[in-house]
Amino acid sequence: MISPVMPTYARAPLIVDRGEGPWLFDTEGTRYLDFGAGVAVNALGHAHPDLVEALTEQARRIWHASNLYRIPGQEELASLLCAHSFADTVFFTNSGAEAMEGCIKTARKYFSHKGQPERHRIITFEGAFHGRTLGTISAAGSEKLVKGFGPLLPGFDHVRFGDHDGLKAAIGPQTAAILIEPIQGEGGIRVVPPQCLRGLRELCDEHGLLLIFDEIQCGMGRTGRLFAHEWAGITPDIMASAKGIGGGFPLGAFMATEEAASGMTAGTHGSTYGGNPLAMAVGLAMMKAVLAEGFMDHVPRIGGLMRQKLEGLVATHPTVLRAVRGEGLMLGLECVVPCADLVATARDHHLLVVPAADNVVRLIPPLNIASDHVETALSALDTACSVIEKKVQAA
Ligand SMILES: *Cc1c(COP(=O)(O)O)cnc(C)c1O
């Protein structure tokens, strides 16, 4: 018999009860160190006092009013995002996939508004993940995402990751944009090197294309800059943010330059809940925390420490682990054994980590972890690797 909760997830046998900072407690009171952070969402950990206060205070004031009226929180958060990014304008959504849909719509509308509606195709990359709506699975195009859900949304050209010639060949008279994650998350913490991001910007400028970044997972301070593309010294025309932007409250955003958003006039797009006062209160508290003096400097420092220790772990357990990938606090362990084994065994030792494609285990902890949390995580991983080694030897 089908379960009342539709069984689209193969869930781990952990029943979530409550959280506190980087710690998650199950209903039996067992404490886990949460280095998955709700898949890079809980950037300040669980139940951060600033976020709790912002949410509860707003809950007493007003929850929802619709976008028929001005929402001061939207104006304040959008201004902050624009002041600290390439963007001139922001649309708030409830999720990452909706933010990506907004990016796709903005790019298509830009060219139709300019009298070039035939330019609507978007180039995307193998291994990409942009969400689970029909538009975003069509954009990513992988078998795992699209199988059985056709017909898909037309207008996407898929290029192999790192295939420069294939990318150039894919550009045609109908191409509107190139869409990429500066660091693939679900795809296995695959980093696009800064020189490649710069190359993409040049290619877009040369062909009059829009450059769209999906920073839903790699943005909001995860690499030590507000957005990961900042390390490359270039900017996109359109970008999606979500996950960390709400710190656990459902919130996403798509942002654009004034030029790229020129088609997005009154009546062209909307959302009932997008930019709702509760989300804005939490988003503002989140943004203020991330922008606070020293907050983002901490990320490459603690990320560097963790990376160094993970390299040591790989050297100690070569039959389990192959390599370390990633930037800041978006790190991946390339496994020799099935990555699901490491995820499950780490959980047995009270460490939560997240699997990704390419047989990679993701370590995407809250951004405010301390070095003793890194020690605890590494010790759990070391134990888990030893357990797996023994099993491999016995087999
Ligand atoms: C999680 C994610 C999405 C989808 O976000 P949802 O909130 O699940 O819709 C899109 N792109 C990237 C890079 C993501 O990591």
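Just so you know, ligand 1 is whichever comes first in the structure, and atom 1 is the first atom listed for that ligand.
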Output field: ring centroids F91/H269 closer than 6.0 Å
yes
Would you say the side chains of N368 and H298 form a donor-acceptor pair under 3.5 Å?
no
Can you confirm whether more than 12 heavy atoms, excluding those of F161, are under 6.0 Å from its CZ atom?
yes
Per-atom contacts of ligand 1 with D214, taking only distances under 4.0 Å to non-hydrogen atoms
10 (C), 11 (N), 12 (C), 13 (C)
Any nitrogen or oxygen of G131 lying under 3.5 Å from a nitrogen or oxygen in ligand 1? Just yes or no.
no
Indicate, as side chain, backbone, both or neither, the part of S95 found under 4.0 angstrom from ligand 1 when only non-hydrogen atoms are considered.
both
If you have a sec, work out which protein heavy atom is nearest atom 9 (O) of ligand 1 and how many Å separate them, to one decimal?
A97 N, 2.7 Å
Which ligand 1 atoms are under 4.0 Å away from a heavy-atom of H130?
10 (C), 11 (N)
Establish, from distance only, whether the side-chain atoms of E259 and Y110 form a donor-acceptor pair under 3.5 Å.
yes
Tell me the protein heavy atom at minimum distance from atom 3 (C) of ligand 1, and give that distance in Å.
F129 CE2, 3.6 Å
Considering heavy atoms of the protein only, find what lies nearest to atom 6 (P) of ligand 1 and give residue, atom and distance to 0.1 Å.
G96 N, 3.4 Å
Is it the side chain, the backbone, both or neither of E181 that has a heavy atom closer than 4.0 Å to ligand 1?
side chain
Name the closest protein heavy atom to atom 14 (C) of ligand 1, giving the residue it belongs to and the distance to 0.1 Å.
K243 NZ, 2.9 Å
Short side-chain to backbone donor-acceptor contact, N359 and C335, under 3.5 Å
yes
Do R190 and F125 have side chains that approach each other closer than 4.5 Å (heavy atoms only, starting at C-beta)?
no
Is there a donor-acceptor pair under 3.5 Å between the side chain of N67 and the backbone N or O of G275?
no
